[in-house]
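Structure, as structure tokens:
This one's a predicted model, so the numbers in the text were calculated from it and none came from an experiment. Every chain is numbered from 1, with letters handed out A, B, ... down the list of sequences.
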Protein chains: 2
Amino acid sequence: MTIRQDVHSSDIPVLCQSCEARHRGVCGALDPDQLVGLARTSSKQRVGAGVELVGDAEIVGSYSNVLSGVVKLTKSLSDGRQQIVGLQFAPDFLGRPFKTESEINVETATAVALCSFPKTVIERMIKESPELEHRLLRQALNELDEAREWMVMLGRKTAAEKVASFLVMIARNIDPCADSMASSASFDLPLTRSDIGDFLGLTIETVSRQLTRLRAEGVIRIENSRHIIVDDMKRLELRCGD
Amino acid sequence: MTIRQDVHSSDIPVLCQSCEARHRGVCGALDPDQLVGLARTSSKQRVGAGVELVGDAEIVGSYSNVLSGVVKLTKSLSDGRQQIVGLQFAPDFLGRPFKTESEINVETATAVALCSFPKTVIERMIKESPELEHRLLRQALNELDEAREWMVMLGRKTAAEKVASFLVMIARNIDPCADSMASSASFDLPLTRSDIGDFLGLTIETVSRQLTRLRAEGVIRIENSRHIIVDDMKRLELRCGD
DNA sequence: GGAGCGCCTTGACCAAGATCAAGGTTTGCC
DNA sequence: GGCAAACCTTGATCTTGGTCAAGGCGCTCC
């Protein structure tokens, strides 16, 4: 997705139509008057990889559209074991209505561009616009479906199946050419091996070995350890276990 | 929770206040006029344990309050591996707005009493009442939080921690005396060992061994293999890993 | 260029939990 | 009560993935 205009410009609807394109952003739910009001209070920002967003006063107490890049949501046990519990790709919406405190860490996985709105503004709009609340409900239900899919993966799939499933998921979310039914894909992994491990409930070594195995078996090609090429998505999907 | 009145009686608000008590039911969001309308179309039913609810025409295309008992939501891989992705305790709401087909199996884990409303009626009410949609959003976000908690458990906890966490969760949801801060608990497990395994991503044997170990170490007592007594919840919580 | 760091890969070994197998307990039904 | 089926426990053994250790690649910063 390309952002054609800075959000401060007068061309807000373009940005918002862009969010709307994948039916997830907040902006698409608002009428033009609301959009102008929103634009006055919004701010666009670019953040590098590996930055903690919660804890940053600019972001806490705000809602954002992810314009580009990948944001990871993680939870930790007291001894440091970590689990990624959500990945937000552009143009996902980031923010948690009705709850200020959260036990979830929010961190950029790649460089990220955000368009943020103050929490108070958004919450006022939710009150005024049932359509916006409806949209938030749909997003929450989508995330719930994804979370449940993921639980099956964490609880019941083998390491090999987990890694294959992860690649398929990333291909669908990242590769601009892969309209879910494409037969090949080529993309950069937005996560380090360590993040992939935290996503899949595996160690970094196991992730590495499974990727090596997929490469050895000719299912994927790996360039620079981050760029993945899948010539035949079908073969990869066969290894997902479902 | 005790249901004081059949839902067909004139005393609907009592039932609904009862649902409302834990801030989850649908009924509490409705005003008295709506409730009367709803009552005309609702039906109360009792279902034994181990009954598939989706696939049952009475329930498909309907929404229900769980009045008593436990309902499990499961997903399966093609080779039969199964994972429980959600447990609904009374007085949870059961039903999925905006989606008829679902890849989720819904099955009673224990004997269950349900109060069901036709989908069309509820969906009309959602349109009319923003408050109801608001409530559904809150429930969806709660379920999302639970799902994420669970993902940490599936991905990062040891078998011993999983079983301890499971017992704590059940104690909080089932034991009427345990107001979350109680120091002891006594309850019947609503799931078989096999279900517990599907919940925790473990085999039945591992579940059994871990329970035996907790008993051997004096953390729990087990009667009839289904009834659990925890004298000191603190000791159990210490074994949850978080 | 090279030192240092972060990230990734590979190998040897280990242990947690799965699998296989047998037998015990509970429940429901006649 | 007696039988069968479902459920649960326990033991022996095996496998998957974790742990520990070493080294390689690709950066950035002097």
*Could you check B:Glu103 against B:Lys75 for salt bridge (Lys or Arg N to Asp or Glu O under 4.0 Å), going step by step and ending with a plain yes or no?*
CA-CA 7 Å; B:Glu103 333 251 298; B:Lys75 286 175 82 78; 5.2 Å; no
_A:Thr212 side-chain N/O to C:dT9 phosphate OP1/OP2 under 4.0 Å_ = no
*When rounded to the nearest 0.5 angstrom, what distance separates CE in B:Met151 from CZ in B:Arg156?*
11.5 Å
*May I have the distance from A:Leu202 (atom CG) to C:dA16 (atom C1'), rounded to whole angstrom?*
15 Å
*When the nearest nucleotide of DNA chain D is assigned to A:Thr203 and to A:Asn224 on a heavy-atom basis, which residue is associated with the more 5' position?*
A:Thr203
_Tell me the interatomic distance from A:Leu154, atom CG, to D:dG17, atom P, rounded to whole angstroms._
13 Å
*asked:* Does B:Arg213 contact D:dT9 through a side-chain donor or acceptor facing the base, at a distance under 3.5 Å?
replied: no
*What integer distance in Å separates B:Glu223:CD from C:dT26:P?*
12 Å
*Rounded to whole angstrom units, what separation is found between the CZ atom of B:Arg81 and the P atom of C:dA18?*
13 Å
*Ignoring the backbone of B:Ser225, work out which of D:dG17, D:dT19, D:dC8 is nearest its side chain.*
D:dC8
_For the CZ atom on A:Arg46, are there more than 12 heavy atoms of other groups (residues, nucleotides or ligands in this structure) within a distance under 6.0 Å?_
no
_Do B:Leu87 and B:Leu191 make a side-chain contact, defined as non-hydrogen atoms from C-beta onward lying under 4.5 Å apart?_
yes
_Minimum-distance nucleotide to B:Arg209 side chain [options: C:dC8, D:dC7, D:dA12]_ = D:dA12
*Could you check how far CD of A:Glu205 sits from C1' of D:dT16, rounded to whole Å?*
14 Å
*B:Thr206 has a side chain; which of D:dC8, C:dG17, C:dG11 sits nearest to it?*
C:dG17
*asked:* For A:Lys72, run the side chain to side chain donor-acceptor pair (under 3.5 Å) check against A:Asp198, A:Asp195, A:Thr110 and tell me which one passes.
replied: A:Asp195
*Given D:dT9, D:dG17, C:dT19, which nucleotide is nearest the side-chain atoms of B:Ser208?*
D:dT9
*Want to settle it: does A:Arg156 or A:Val207 sit nearer the 5' end of DNA chain C, counting the closest nucleotide to each?*
A:Val207
*Within this structure, what is the CZ-to-C1' distance between B:Arg193 and D:dA6, rounded to whole angstrom?*
13 Å
*With a 4.0 Å cut-off on heavy atoms, is B:Gly201 in touch with a base, just the backbone sugar-phosphate, or nothing at all?*
sugar-phosphate
*In whole angstrom, what separates B:Glu161's CD from C:dG17's P?*
9 Å
*Please state how far atom NZ in A:Lys157 lies from atom C1' in D:dT16, giving the value in whole angstrom units.*
17 Å
